[in-house]
Structures are given as C-alpha cells and as structure tokens.
Amino acid sequence: MLYNEVPVLLLTFNRPDITKILIDKLRLIKPQYIFIAQDGPRTPEEYKITTQVKECFNKIDRNCDIQTLFRDQNLGCYRAVTEWISRFFKQVDFWIILEDDCIPNQSFFELCAEIHNQRNNLPSNIGIISGSNFQTQSKTWDLALLSEHTPLLWWRATRKEKWKIFKQHKKIKSDFISGKLTIREKWWLTKKAMKYYMLAGYWDNDWYLSCYFNKLLTVVPAKNHISNLWFVGIHNARPWAYHWIKSFNIDYSWGIWDISISKSYNNTMLYFMEKMYIYGVLSKILRKVWLFALMKKIVLQTSRIFYSRKLKNYDA
C-alpha cells in the first residue's frame, strides 16, 4: 500500500474555516479514497454553517473515490461518530480517521502505510496509529515508539478487527466501578482519576478504555505529524499545550524495524489524565460560584477572538 492509498474518513460539522484548511492540505497529499461524514444541524442558523462546510468539499477537484454521508438530523458527536466508523468499516479494513480541525502532513500517511505494510513483522496488539507526539522535546533516535496510553484521540488510524472491541466499553466500566479490574499505575490506586475519565461520556474516551483494557498499543511517531487547530468549543474554552503543535516530516522510506514501549511517553499521557481529573474536580466546585461562570464566559469570548486572528495567519 502506498501512502496515498490509505483511505481517510473526515468527521466534519460546523467549522468551515478549519475545514477549508484541511481540504487544502489533503489536496496536496492526494489520498485516493475519502469518506466524508457530517452530523445534521441543531438550529436554522447552524444549517447555514453546515451548508458552507459541504461547499468546502467542492474544492476536491481531482480524480478520487469520494463517499459522503450528510445527516439531516443531529445525532450528537457520540452516536454519530461511532455509527459512521462502524458503517464505513463495512467497506474498508484499515483507514485514517481525522476530525475537521486536525491538519496532517504527508508523513502521517506514510507512517500509516508503512505500519500496514509491515503489520506481520510488528506486535500483533497494535490497535492505533497516532499522528501526534506530545513530547515535543523527545530526542528518540527511533522513527516511532509504542505507548499503552492514548487519551487524546482526535485523529488516529486503526483496523476493522481492532474497532470491534469498542463495544466492550460498557462492561469495562461496569467491572471497573464494581472493583473487578485492577489498575497498575500507583496514582490510580484511588481510582478517582480513572473513574472521572471513564465516566466523561465521550466516544473517544470509551475507545481508549477499550484499547487499554484489551492491552492494545499505540504507535506514536518520533516527531509530531498533526496539528490540532481548535481550542474553543463546547467542552473546552482554553488553549492547551497539545493544540497548535508544529508538525514535522520523517523519512519512512527505510522502513520501521525497531519499535518498543516508551515509559517516558506513557508518563506524559498519564500526567495529562491526572491534570484533567484535577481540572474537572475544581470546575465542578467552582461552577457553583457565579464569579467563576462570568470569568469563564470572558475567557471563552477572548479565546474566540484570539483563535480567529491566529487562524487567519495559519500556514498549512
């Protein structure tokens, strides 16, 4: 499989400005198979915006296989995304999944193709190929590493047989809450941080949990390949260190022969979940304070202005 033969699923909704950047980038990479899925609008005003997003796909002006699934009714990000993935997996066995604000470079497609081509020589419990390395100061000499933890799943590549374990997340949660599962990491002994993450109710959280408890590993590139451009939304109103990370190219033409678990990267992701737990607990307490709600609203509006200016100057 060549890098441009890796199918890609685009999860889109109501962000035409970012979608345009993503489409422009894909026009350079030239994938041969593109699946486009869009949830339905929630309001008449949102109908106009989702229509603008659909018009962005008219810019794909070359010969490629494009399939679309545009919903008239809004199903929400959990149900819509999981149904899309399951539906399109009936046609392909392996693909890249990108949310609309995730801008990849060509190296990510090359990495996915290389892992796919060498799958018989690599660990059989690889479940996900990540496009990002959040250890921006990593100095590893390997082209890629393995991680047991992948809590940030705005983008990824995976195979059909690995996606089948997603349906196990309900039993995993039930067993965890009832105390039937043992967590190895020391700071999880109280189970508070893990429980918070498990019960957040996001589809990618459940996918991560299904992978973790089935001991599936994630391939992480030695250098970051995807930049996430969004930090203002329903679930987030502040810039993160994991957004707007510069992407780098890696030459995978020599193949990936040595790949192992990185304890350092594992700790980075565990620390992220610990911070999310602390932030969630504090937010829950402070929501009762009217001044906190006012400050959050101010931060949100300020972030939108900052984001809009920064996006105009973004060079994909």
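Note that the coordinates shown come from a computational prediction; the quantities given were computed from them, not determined experimentally.
Checked by atom type and distance alone, the side chain of S130 pairs as donor or acceptor with a backbone atom of S132 at under 3.5 Å. Using a distance-only test at 3.5 Å, with no hydrogens or angles considered, no donor-acceptor pair links the side chain of N74 to the main chain of R42. At least one donor-acceptor pair closer than 3.5 Å links the side chain of T158 to the backbone N or O of G127. Between the side chain of T12 and the backbone N or O of A37, at least one donor-acceptor pair lies under 3.5 Å. Although no hydrogens or angles enter the test, the distance criterion places a donor-acceptor pair under 3.5 Å between the side chain of R27 and the main chain of K59. Using modelled atom types, one side-chain atom of N133 and one backbone atom of A222 make a donor-acceptor pair closer than 3.5 Å.
Side-chain contact check for Q168 and N214: at least one donor-acceptor pair (N or O, by modelled atom type) lies under 3.5 Å. If you check the side chains of N249 and S107, you find a donor sitting under 3.5 Å from an acceptor. A donor-acceptor pair shorter than 3.5 Å can be found between the side chains of S147 and N266. In the model, H149 has a side-chain atom that pairs as donor or acceptor with a side-chain atom of Y208 under 3.5 Å.
Cluster membership check: I126 shares its hydrophobic cluster with I261, using side-chain heavy-atom separations under 4.5 Å among Ile, Leu, Val, Met, Phe, Trp and Tyr. Cluster annotation: M1 and L143 are assigned to the same hydrophobic cluster (Ile/Leu/Val/Met/Phe/Trp/Tyr, side-chain heavy-atom contacts under 4.5 Å, transitive). W207 and L75 end up in different hydrophobic clusters when Ile, Leu, Val, Met, Phe, Trp and Tyr side chains are linked at under 4.5 Å. One hydrophobic cluster, built from ILVMFWY side chains closer than 4.5 Å, cannot hold both L11 and I49; they sit in different ones. Residues F13 and Y78 do not share a hydrophobic cluster, clusters being chains of Ile/Leu/Val/Met/Phe/Trp/Tyr side chains in contact below 4.5 Å.
Counting non-hydrogen atoms of other residues, nucleotides and ligands closer than 6.0 Å to NZ of K20 gives a total of 12 or fewer. No more than 12 heavy atoms of other residues, nucleotides or ligands lie within 6.0 Å of CG in D72, so this atom counts as exposed by the packing criterion.
For R87 and E83, the salt-bridge test fails: no basic side-chain N is under 4.0 Å from an acidic carboxylate O. Between D93 and R159 no salt bridge is recorded (no basic side-chain N to carboxylate O distance below 4.0 Å).
Under the 30°/60° scheme for interplanar angles, the aromatic rings of F70 and F57 are found to lie parallel.
F88 pairs with exactly one of W163, Y33, F35 by the ring pair (Phe, Tyr, Trp, His ring centres under 6.0 Å) rule, that one being F35. For the pairing with L10, the side-chain contact (heavy atoms from CB on, under 4.5 Å) check across T19, I97, I23 returns one residue only, I23.
Contact annotation: the side chain of L26 approaches that of F109 to within less than 4.5 Å [non-hydrogen atoms, C-beta and beyond].
Ring-centre distance between F248 and H225: not below the 6.0 Å cut-off.
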